[in-house]
Amino acid sequence: MPELLANLNPEQYAAVTLPNEPALILAGAGSGKTRVLITRIAWLIQQGFASPPTVLAVTFTNKAAREMMSRLSALLPIDTRGMWIGTFHGLCNRMLRAHHRDAGLPATFQILDTADQLSSIKRLMKGLNVDDEKYPPKNLQYFINNAKEQGLRPDQVDASDSFNLKFVELYRAYEQQCQREGVVDFPELLLRCYELLAHNAPLRAHYQARFRQILVDEFQDTNKLQYAWLKLLAGQSNAIFAVGDDDQSIYAFRGANVGNMLDFEREFNVRNLIKLEQNYRSHGYILDTANALIAHNSRRLGKNLRTDAGHGEPVRVYEAATDMQEAGWIVEEIRALINNGGLARSEIAVLYRSNAQSRTIEHTLVNAGIAYRVYGGLRFFERQEVKHALAYLRLIDNPNDDTAFARVVNFPTRGIGARSIEQLADAARLYGCSMAAAIPYVTGKAGTSLGSFANLIAKIRAETERMSLPETVEYVVRVSGLSEFYQNEREGQDRLENLQELVNAATAFVSEEGYGLDTPARSIRLNPGATAAPELGSSADEGDTVVLEAASLTDPAQNPDTMTPLAGFLSHASLEAGENQAQAGQEAVQLMTVHAAKGLEFTAVFITGLEEGLFPHENSATEADGLEEERRLMYVAITRAKERLYLSFAQSRMLHGQTRYNVRSRFFDELPETTLKWLTPKVEAGSRWGGRSDNAGWGRDWFARPDRGGPAANFEAAPLPAFANEQRAADTGFRVGQQVFHTKFGEGAITALEGSGADARAQVRFKRHGEKWLALSVAKLQVVE
DNA sequence: TTACGGTCACTTTTT
DNA sequence: GTGACCGTAA
């Protein structure tokens with residue numbers, strides 16, 4: 001272990017070698033958090049304090065889980081397969097598969113992703129004749145997921161008004177529908193697993209006796225339910241080793257509860273709190289900037305990053321007149337970084353608050369001929385052709401899955417229209433069965449075409465009985481008519497390739513999971529040595545005196561094949577949406593939202609669109625902790641940079657088809673002057689239209705659009721030109737943002753001014769004729785009142 | 001059944 | 001500005 005612990009700093013060393021007690025590691029950005037987590041596991045095992053099967057490590061993303069797995073096996077010569085390392089959802093799925101009967105689920109239960117869940121909800125509401133104007137399906141989805149994440153079943157939800165009562169009623173109906181169909185949504189995976197452990201004392205005792213070491217990554221992102229699940233597993237005697245950073249909590253909007261850190265500290269009486277404050281990523285000025293910014297937040301556990309690296313380059317700040325100009329500047333700087341700085345494209349990232357901002361930058365990069373990659377967007381398993389193929393596969397495994405059924409019953413089209421489907425849905429409701437099972441009850445022409453669909457599925461099911469997973473997928477794609485359909489489709493070539501890629505994915509899955517290449521897709525193979533263990537009766541409730549040998553439980557780790565290859569592959573498809581870009585891995589400039597950048601690092605980082613209303617985002621003003629979360633987001637963005645950091649904003653920006661005039665982000669006022677280098681003159685807040693008052697309701701006056709003709713005062717909202725020469729142009733009586741009229745071009749708004757006297761020019765964006773530069777001494781511009 | 005056109009919304013997102 | 005979704009016309 002000397003070499004294991006070598007090169008750890010004192011805090012890291014202390015964290016890795018902590019006694020077997022609850023511990024909270026406050027790990028700042030770039031402080032070696034993952035390294036500590038992995039080394040901790042390796043050290044525990046090497047010292048004989050733990051064996052692989054007693055280790056449970058939880059992460060939020062599959063990527064993080066994979067990284068942990070691979071770095072661990074590089075560190076440890078021993079077999080890591082006995083460990084449970086995965087996402088909350090992945091681990092819960094694993095447990096539910098093993099104990100599906102105790103959890104009240106069929107062995108072949110399917111997982112609904114967010115889109116599946118929404119269509120399931122829509123189908124439910126349609127069947128119940130619920131007004132989807134009054135009760136938007138999306139809102140119901142949010143309501144249900146939120147309740148589940150609080151650990152609440154319909155009976156437990158507090159509902160006072162009739163509106164919420166309706167939601168509760170629909171929540172109850174949705175649960176029944178899911179149960180009948182044998183499907184679970186994402187939060188259900190967690191809640192079911194939580195309830196399984198909570199209600200089943202012997203099972204709980206079994207897992208508590210097993211997982212003596214529980215390690216949690218990104219603890220600040222856990223929600224209430226996840227924390228409750230962890231507490232159940234920890235019981236009275238197991239240590240939780242939680243690593244997190246309250247300053248990087250940026251997912252409150254999806255239920256993350258930073259409060260879990262304080263609760264954990266209190267409830268587990270944590271005596272081991274270690275702060276990792278040594279940063280190995282960023283140069284001094286960058287870190288100073290980040291520290292100064294985050295110091296403006298009030299509710300913090302308190303932490304200050306330091307570095308041994310020198311100051312490095314100052315943080316460069318640029319004010320542009322328009323978003324186009326901002327993009328132009330970014331591209332020029334990128335060019336310089338590549339050509340003069342010798343940076344690889346992939347070492348450069350352009351970050352923005354919202355996805356809509358990427359378009360202008362992309363456009364400019366294309367024109368400059370610089371390769372780039374945008375993160376986000378459609379992922380592999382979310383593509384419609386892939387989802388269609390998966391739906392056929394799901395129907396083989398579970399004919400009751402109405403979501404899958406409805407998706408492909410008429411795709412490719414086979415004469416089963418909305419009318420027929422409605423008839424079928426009515427029959428299903430009448431007999432309380434799935435749509436597939438209701439087919440015999442539909443008469444007439446509709447019944448005939450539905451019958452042939454039923455025959456198709458039956459045929460696929462029979463023919464694939466002995467086939468391997470890749471063969472099954474290939475067969476389904478062919479016999480379902482999907483491949484033929486896309487062959488004849490004009491733009492179907494890409495989709496066809498994706499279907500082939502799905503077959504490849506199945507092959508890869510089979511080999512990664514260690515199945516034989518010709519293992520039938522629907523066979524359960526028991527491990528040699530593992531007896532077909534009798535499962536725990538579902539009647540074993542808390543308080544039961546049934547004593548079970550631990551070995552008699554179906555433990556997925558002892559018996560990893562409790563999932564058939566097909567069920568495993570379908571889970572995999574739902575739980576891991578896959579990569580999203582064809583250009584993945586290419587040498588390209590990286591474009592992404594700040595959220596997507598969390599956990600990554602780049603030599604040079606551009607943070608763009610630093611304007612009030614955009615970043616911090618206007619919608620965050622209404623949320624309780626909104627501004628603080630925006631500030632944490634900015635903190636995350638800054639700390640992505642290793643050597644070069646650029647901040648930029650634009651006076652005017654095209655957004656949602658309208659030009660809006662923004663003032664620079666308040667975050668600039670929270671950064672130390674000493675670390676910044678303004679490439680454009682910094683215009684003091686006071687010299688603008690009366691400055692900004694932090695008491696003003698932000699999100700209203702500041703986003704007034706002169707071109708929309710708001711109240712007169714809002715005209716003043718247009719910022720004055722930032723450039724010295726433009727200031728002189730302002731003497732001509734024109735200002736950026738002003739509405740003007742031209743005899744030939746009509747109405748427009750001034751977007752920039754430059755020059756003075758006879759050379760003074762104005763850039764005007766005309767409503768009908770686009771943007772033009774006009775010499776003020778020639779053009780007869782009239783100010784519109 | 002499909003195709004087109006109008007309407008709407010639009011922060012961040014993993015599982 | 002743009003994509004998603006829904007309703008109606010062919």
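Numbers restart at 1 for each chain; the letters A, B, ... are given by sequence-line order, proteins then strands. Heavy-atom basis, side chains included; hydrogens, waters and symmetry copies ignored. The structure displayed is predicted, hence computed values, not measured ones.
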Whole-Å P distance, B:dT13 and C:dA4: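 It works out to 16 Å between them.
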One thing to verify: whether A:D625 and A:R299 come together as a salt bridge, which I'm taking to mean a side-chain N less than 4.0 angstrom from a carboxylate O.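 Yes.
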Do the side chains of A:R383 and A:D494 get close enough for a salt bridge, i.e. N-O under 4.0 angstrom?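 No, A:R383 and A:D494 are not salt-bridged.
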Can you find a side-chain donor-acceptor pair between [X] and [Y] that sits under 3.5 Å?
X	Y	answer
A:E362	A:Y372	yes
A:S120	A:Q117	no
A:S665	A:E611	no
A:Q220	A:E218	yes
A:N498	A:E385	yes

Minimum side-chain heavy-atom gap A:Q110-A:E181 below 4.5 Å: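 Counting from C-beta outward, A:Q110 and A:E181 never come under 4.5 Å.
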Check whether any side-chain heavy atom of A:L456 lies under 4.5 Å from a side-chain heavy atom of A:R414, and answer yes or no.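 Contact flag for A:L456/A:R414 side chains = yes.
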Is the positively charged end of [X] above the ring of [Y], judged by distance under 6.0 angstrom from the centroid and angle within 45° of the axis?
X	Y	result
A:R632	A:Y635	no
A:R192	A:F109	no
A:R373	A:Y375	yes

Which residues, if any, of [range] bring a heavy atom under 4.0 Å of DNA chain B?
range	value
residues 185-195 of chain A	A:F186
residues 411-423 of chain A	A:T413, A:G415, A:I416, A:G417, A:A418
residues 591-599 of chain A	A:T593, A:H595

Categorize [X] for me: base, sugar-phosphate, or nothing, with a 4.0 angstrom heavy-atom threshold over every strand shown.
X	answer
A:D113	nothing
A:F88	nothing
A:D221	nothing

Can you work out whether A:S354 or A:S574 has the more 5'-proximal nearest nucleotide on DNA chain B?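 By nearest-heavy-atom nucleotide position, the 5'-most residue is A:S354.
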Quick one: on DNA chain B, does A:I250 or A:F60 contact a more 5' nucleotide (nearest heavy atom)?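 Taking each residue's closest nucleotide, the earlier one in sequence belongs to A:I250.
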Between which nucleotides of DNA chain B, read 5' to 3', does contact with chain A run, using atoms under 4.0 Å from its heavy atoms?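 Reading along DNA chain B, I get B:dT1 to B:dT15.
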Reading nucleotides 2-10 of chain C from the 5' end, what letters show protein touch, with B for base, S for backbone sugar-phosphate only, - for no heavy atom under 4.0 Å? S--------
What pairs with A:E382 under salt bridge (Lys or Arg N to Asp or Glu O under 4.0 Å), at least two apart in sequence or on another chain?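 For A:E382, no residue satisfies salt bridge (Lys or Arg N to Asp or Glu O under 4.0 Å) once neighbours in sequence are set aside.
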Short side-chain to backbone donor-acceptor contact, A:N260 and A:N223, under 3.5 Å: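 Yes.
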My understanding is that only one of A:F88, A:Y251, A:F219 makes a ring pair (Phe, Tyr, Trp, His ring centres under 6.0 Å) with A:F60; could you say which?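 Exactly one pass, corresponding to A:F88.
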Look at the rings of A:F405 and A:F453 and say which category their plane angle falls in: under 30° parallel, 30 to 60° tilted, over 60° perpendicular.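 Perpendicular: the ring planes of A:F405 and A:F453 meet at over 60°.
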